[in-house]
Trainee: 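One structure, as structure tokens, below. Some questions next.
The model shown is predicted, which means the values in this text are computed figures rather than measured ones.
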Amino acid sequence: MNSNLKEIRQMPLLPLRGVLVFPHMVIHLDVGRDRSVAAIDEAMISDEREIFLAMQKEAQTDEPDEDDINKVGTIAQIKQLLKLPGGTIRVLVEGISRAEIVEFDEQAPYIKVSVEQEEESLDKTPEIEALMRSLVDKFEHYVKISKKISPETVVSVTTLEEPGRLADVVASHLTLKLTDKQKVLEAVNVGQRLELLCNMLAKEMEIMELERKINMRVRKQMEKTQKEYYLREQMKAIQKELDEKDDRTAEVEGLREQIDKAKLPKEVKKKALKEVERLEKMPPMVAEATVVRNYLDWVLALPWSKQTKDQLDIKAAEKILDEDHYGLREAKDRILEYLAIRKLSKKLKGPIVCLVGPPGVGKTSLAKSVARSLKRKFVRMSLGGVRDEAEIRGHRRTYVGAMPGRIIQGLRQAESRNPVFLLDEVDKMTTDFRGDPSSALLEVLDPEQNNTFSDHYIEEKFDLSQVLFITTANVQYNIPRPLLDRMEIIDISGYTEHDKVKIAERHLIKKQLEENGIKDQQLDISENALRRIVREYTRESGVRSLERQIGTVCRKVARDIVAGDVESVQVTAKNIEKYLGIPKYRYGMAEKEDAIGVATGLAWTQVGGEVLTVEATALTGKGKLTLTGKLGDVMKESAQASFSYVRSKVKELGIPEDFHEKNDIHIHVPEGAIPKDGPSAGITMATALASTLSGKPIRRDVAMTGEITLRGRVLPVGGIKEKMLAAHRAGIKKVLLPKDNKRQLEEIPSSVRRKMDFVLVEHMDEVLSGALVNGKD
Ligand code: ADP
């Protein structure tokens with residue numbers, strides 16, 4: 001306190017706990033401590049009823065002495081007094097002015113203090129003015145945020161003119177820490193007091209602003225969850241009221257139910273449920289939702305645990321195979337052996353059966369019979385033209401329009417996880433930059449790995465180990481090597497004429513009658529008629545077009561019957577043309593003349609054996625060799641070799657020595673649309689050349705096959721059985737073939753062997769003497 005100190009007064013002390021009284025502040029205080037009650041009693045005796053209010057440093061001190069009490073306090077006047085039950089007194093006091101204890105006199109029963117009081121300066125320097133305004137501003141703002149103080153208070157504060165009082169009134173309204181309040185009380189200098197308060201208010205508002213922000217955030221969060229919850233509940237209630245579900249809920253619930261019932265493996269189920277959850281969260285119309293739906297559709301449709309019960313009775317199986325097919329003894333036996341082994345040891349993981357043979361020989365229908373005899377489902381999938389790994393394994397779902405691969409598609413179709421699965425045309429797969437389908441197929445077929453087959457689309461592992469895979473191919477050499485290594489090849493070559501007639505009689509006619517709705521007694525096709533169909537209307541290794549021709553006959557007959565023209569029809573060799581028109585092929589070589597430069601060769605293609613004509617002709621020119629008829633590289637080289645051979649033999653063959661200087665040679669193999677390749681036409685081309693250059697005709701009923709070397713040696717070739725069957729079909733009686741192919745002759749059915757003459761040759765000389773007309777026979 002400074003020197004313009006006015007007076008020192010004595011009065012009783014009321015120590016305050018947890019509260020502080022500013023000058024001009026009116027407040028109730030409850031007083032209970034004996035010394036405090038005594039102090040009040042003492043104060044009440046005097047006229048001014050003054051008492052000194054000073055705050056204890058520690059609220060919990062019960063009997064404070066000099067050191068426990070803050071020096072600066074407030075002189076107050078007791079306005080009212082009320083004795084409460086239990087000895088407590090409630091006093092209403094009004095702060096008058098700040099003062100400082102100068103002497104502390106501990107008397108009984110109360111403490112008496114001497115205090116110095118200071119008159120407050122009322123000077124309003126511009127600085128004080130500015131501080132006042134700033135304080136009022138801040139206080140208004142504070143009131144606005146805190147909302148704890150009534151607006152009237154603000155009005156009363158703004159009207160205060162005395163700077164010290166203003167500060168004290170503001171301080172009394174603020175929620176400040178007691179120590180801060182004490183600081184304000186101690187700030188005797190008005191300017192300092194105003195500034196101190198301004199700072200405190202600013203800090204307080206900052207804290208309040210932060211508090212407000214945090215509250216807002218919390219509230220927003222709460223509001224959002226509450227709102228969502230509320231809306232959801234409301235929706236449920238509405239749906240319940242209307243007793244209907246929106247499409248999405250119904251769909252999702254339906255899917256969950258399906259998943260529950262589908263007996264999916266654990267992992268798959270988990271994944272499916274996750275997808276449903278994803279679907280649930282998506283807006284219904286987005287494209288992604290369709291993708292998820294499709295996926296779930298696939299997963300649910302797959303036979304994860306559905307399977308049929310096997311019937312593994314070899315006798316019954318044999319009966320069924322025999323019932324469905326004529327002949328094919330070897331193939332049937334091999335299949336039965338295979339089934340027997342499977343019966344003996346279920347775990348034995350045998351090789352995959354591959355049925356190899358030309359089209360129409362019954363590969364597919366054999367596989368179907370296997371399924372029938374095992375009482376398994378049957379699915380067939382053609383691999384012809386498959387060039388992309390993804391066709392086997394599927395595309396990942398990230399691709400637009402992705403689908404599972406063919407294996408999974410087949411299983412869905414089968415609706416069972418242990419069907420007989422026919423993979424047709426494994427020899428027709430191609431490899432390109434999109435990956436090698438055969439390696440994917442290898443994984444499918446390999447019993448070691450196919451219990452965890454994973455399709456890119458489905459993503460979860462599917463167990464293929466229960467599937468009985470059967471594959472087919474037209475030719476063995478086109479089967480990708482790694483696949484071939486795991487396969488058991490069962491060869492089914494073409495049928496003889498006799499076989500075909502029998503197959504027609506026993507199976508094809510019956511089938512076609514049924515298909516066309518004709519009764520047994522309404523149509524009879526004689527054996528001779530069948531033979532004519534085989535000979536003159538078809539040229540094939542299998543029986544597909546035979547079946548088609550029979551079908552044509554049936555349709556024509558059905559029409560006649562329906563038209564009411566006839567009741568039943570007898571088709572014979574004589575009237576067959578009425579139904580099938582003019583014969584397409586000429587049977588036999590009877591009408592053909594022995595001709596110069598035209599030799600008959602035998603070819604082996606994917607569709608079986610073929611009879612092939614080779615024509616050679618010499619034109620004036622300069623020794624150029626022209627080859628036409630869509631010949632492959634190997635066949636062209638073979639033509640060159642035969643040309644060189646003939647040139648080296650001009651003397652022996654009686655050909656003018658300078659022929660190559662005066663002539664161009666043209667070799668043509670008709671039916672140019674069919675690509676031809678391979679070395680087996682070598683001796684045929686050499687014969688045609690020799691004939692045209694020497695002018696000796698070639699015997700019309702002789703056919704030949706064999707590779708030629710430059711020195712005229714005849715090398716063995718493939719497909720002997722198919723070629724001989726083709727020669728037989730064409731009515732050829734004599735065939736020249738390499739000596740080294742002798743063993744293959746045993747494979748030819750004896751019915752064919754008996755009717756034909758096979759000449760085994762080692763050298764071109766023998767070929768020419770056998771084929772040319774004036775040669776030695
Ligand atoms: P692939 O699969 O070899 O091309 P398919 O199995 O499709 O031949 O056979 C064509 C038709 O010929 C089918 O209707 C089939 O029943 C019939 N078929 C083939 N061989 C025989 C046979 N040995 N016995 C009875 N029908 C046969």
Side-chain angles (χ1 to χ4, degrees), residues 316 318-328 331-332 357-373 375 377-380 382 420 422 424 472 492 494-587 607-608 729 751:
E318 184 171 7
K319 201 167 147 241
I320 287 173
L321 289 182
D322 282 340
E323 230 169 70
D324 292 351
H325 300 94
Y326 170 85
L328 298 175
K332 286 178 190 166
V361 291
K363 298 183 297 293
T364 311
S365 79
L366 259 179
K368 254 189 217 162
S369 290
V370 171
R372 190 157 89 90
S373 65
K375 289 222 163 87
K377 295 269 171 78
F378 177 79
V379 269
R380 172 177 175 227
S382 176
V420 171
L422 183 71
D424 240 347
T472 79
I492 305 179
Y495 294 114
T496 61
E497 184 182 293
H498 171 80
D499 288 342
K500 288 182 182 176
V501 171
K502 286 280 178 253
I503 292 172
E505 278 177 349
R506 295 194 193 166
H507 301 279
L508 305 181
I509 295 179
K510 217 184 287 168
K511 226 184 325 174
Q512 288 303 320
L513 286 180
E514 232 167 72
E515 241 163 65
N516 291 291
I518 304 171
K519 293 198 190 81
D520 255 4
Q521 62 272 23
Q522 286 175 315
L523 172 65
D524 177 54
I525 306 179
S526 75
E527 192 184 324
N528 282 334
L530 286 173
R531 191 160 293 123
R532 265 200 84 186
I533 300 178
V534 171
R535 283 182 179 174
E536 295 173 41
Y537 293 88
T538 69
R539 182 158 287 179
E540 58 176 351
S541 301
V543 291
R544 257 195 214 159
S545 50
L546 173 59
E547 186 171 0
R548 250 198 319 272
Q549 297 298 341
I550 294 172
T552 311
V553 172
C554 286
R555 276 195 299 282
K556 297 238 161 97
V557 169
R559 186 176 156 183
D560 288 351
I561 290 172
V562 172
D565 297 347
V566 282
E567 275 193 358
S568 69
V569 175
Q570 277 259 324
V571 178
T572 61
K574 286 213 180 79
N575 68 3
I576 185 81
E577 286 183 31
K578 186 177 152 207
Y579 297 96
L580 294 179
I582 303 159
K584 290 198 188 97
Y585 305 98
R586 221 159 13 144
Y587 177 73
V607 294
R729 275 204 293 280
S751 59

Trainee: Would you name the heavy atoms of Gly542 and Lys500 that are closest together and state the gap between them?
Mentor: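 Smallest heavy-atom distance, with atoms named: O-CE, 3.4 Å.
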Trainee: Between side-chain atoms of residues 319-328 and protein atoms elsewhere (two or more places apart, or another chain), which donor-acceptor pairs fall under 3.5 Å?
Mentor:
residue : atom : partner : partner atom : Å
Asp322  : OD1  : Arg329  : NH1          : 3.4
Asp322  : OD1  : Lys332  : NZ           : 2.9
Glu323  : OE1  : Arg372  : NH2          : 3.1
Asp324  : OD1  : Arg372  : NH2          : 3.0
Asp324  : OD2  : Ser369  : OG           : 2.5
Asp324  : OD2  : Arg372  : NE           : 3.4
His325  : NE2  : Ser365  : OG           : 2.5
His325  : NE2  : Leu366  : N            : 3.4

Trainee: Quick check: do Tyr495 and Ser541 have side-chain heavy atoms less than 4.5 Å from each other?
Mentor: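 In short, these two side chains do not touch, never coming nearer than 4.5 Å.
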Trainee: Can you tell me how far NZ of Lys578 sits from OG1 of Thr572, rounded to the nearest 0.5 angstrom?
Mentor: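 The distance works out to 10.0 Å.
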Trainee: What I'd like to find out is whether the side chain of Ile550 reaches to under 4.5 Å of the side chain of Val553, using heavy atoms alone.
Mentor: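 Ile550 vs Val553: side chains apart.
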Trainee: Going by heavy atoms in the side chains, are Val569 and Gln522 under 4.5 Å from each other?
Mentor: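 Side-chain contact under 4.5 Å: no.
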Trainee: Only one of Glu505, Lys502, Arg535 clears side-chain contact (heavy atoms from CB on, under 4.5 Å) with Leu530; which?
Mentor: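 Considering Glu505, Lys502, Arg535, a side-chain contact (heavy atoms from CB on, under 4.5 Å) with Leu530 is found only for Glu505.
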Trainee: In terms of side-chain geometry, is the basic nitrogen of Arg544 or Glu547 positioned less than 4.0 Å from the acidic oxygen of its partner?
Mentor: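 Salt bridge between Arg544 and Glu547, a charged N being under 4.0 Å from a carboxylate O: no.
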Trainee: Distance check, rounded to the nearest 0.5 Å: Ile518 atom CD1 versus Leu513 atom CG?
Mentor: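 One finds 5.5 Å between CD1 of Ile518 and CG of Leu513.
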Trainee: Which heavy atom in Tyr579 sits nearest to a heavy atom in Asp560, and how many Å separate them?
Mentor: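 Closest pair (atom of Tyr579, atom of Asp560, distance): CE2-OD2, 4.3 Å.
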Trainee: Can you check whether Gly357's main-chain N or O pairs, donor with acceptor, with Lys363's side chain at less than 3.5 Å?
Mentor: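 Between the backbone of Gly357 and the side chain of Lys363 there is a qualifying donor-acceptor contact (under 3.5 Å).
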Trainee: Does a side-chain heavy-atom distance below 4.5 Å link Lys377 with Val420?
Mentor: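 Counting from C-beta outward, Lys377 and Val420 never come under 4.5 Å.
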Trainee: Where the side chain of Ser545 meets the backbone of Arg548, is there a donor-acceptor pair that is under 3.5 Å apart?
Mentor: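 No: the side chain of Ser545 does not pair with the backbone of Arg548.
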Trainee: Taking the side chain as every heavy atom from C-beta outward, state whether Leu523 and Val571 have any pair of such atoms under 4.5 Å apart.
Mentor: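 Leu523 vs Val571: side chains touch.
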Trainee: Distance-only, no hydrogens or angles: does the Glu540 side chain make a donor-acceptor pair with backbone N or O of Leu546 under 3.5 Å?
Mentor: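 It does hold such a pair.
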Trainee: Which atom names give the shortest non-hydrogen contact between Gly494 and Pro358, and what distance separates them?
Mentor: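 Heavy atoms of Gly494 and Pro358 come nearest at N-CG, 4.2 Å.
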Trainee: So, Asn516 side chain and Val557 main chain: donor-acceptor pair closer than 3.5 Å or not?
Mentor: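 Answer holds: no.
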Trainee: For salt bridge (charged side-chain N to carboxylate O under 4.0 Å, His left out), just list the numbers for Glu577 and Arg532, CA-CA rounded to whole Å, side-chain angles, deciding distance to a tenth of an Å, and then say yes or no.
Mentor: CA-CA 10 Å; Glu577 286 183 31; Arg532 265 200 84 186; 2.8 Å; yes
Trainee: To the nearest 0.5 Å, tell me how far Ile525 CD1 sits from Ile576 CD1.
Mentor: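 Interatomic distance, Ile525 CD1 to Ile576 CD1, rounded to 0.5 Å: 6.5 Å.
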Trainee: I want to check something: taking the side chain as every heavy atom from C-beta on, are Leu422 and Val379 in contact at a cut-off of under 4.5 Å?
Mentor: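 The answer is no, as the side chains (C-beta and beyond) never meet within the 4.5 Å cut-off.
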Trainee: With rounding to the nearest 0.5 Å, note down the distance linking CG in Asn528 to CD1 in Ile533.
Mentor: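 Here the interatomic distance stands at 11.5 Å.
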Trainee: Is any NZ, NE, NH1 or NH2 atom of the basic residue among Glu527 and Arg531 found under 4.0 Å from an Asp or Glu carboxylate oxygen of the other?
Mentor: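 Yes.
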Trainee: About how many Å separate CD of Gln512 and SG of Cys554, when rounded to the nearest 0.5 Å?
Mentor: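 If we round to the nearest 0.5 Å, Cys554:SG and Gln512:CD are 5.5 Å apart.
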Trainee: Take Glu497 and Arg729 through the salt bridge (charged side-chain N to carboxylate O under 4.0 Å, His left out) test and state the conclusion after the steps.
Mentor: CA-CA 7 Å; Glu497 184 182 293; Arg729 275 204 293 280; over 6 Å; no
Trainee: Kindly check if the number of other-residue, nucleotide or ligand heavy atoms within 6.0 Å of CD (Glu567) is above 12?
Mentor: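 Incorrect, the count does not exceed 12.
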Trainee: Just by distance, do the side chain of Glu514 and the backbone of Lys511 share a donor-acceptor pair under 3.5 Å?
Mentor: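 No; zero donor-acceptor contacts below 3.5 Å.
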Trainee: Rounded to the nearest 0.5 Å, what's the gap from OG1 on Thr552 to OH on Tyr537? Could you check?
Mentor: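 That separation rounds to 11.0 Å.
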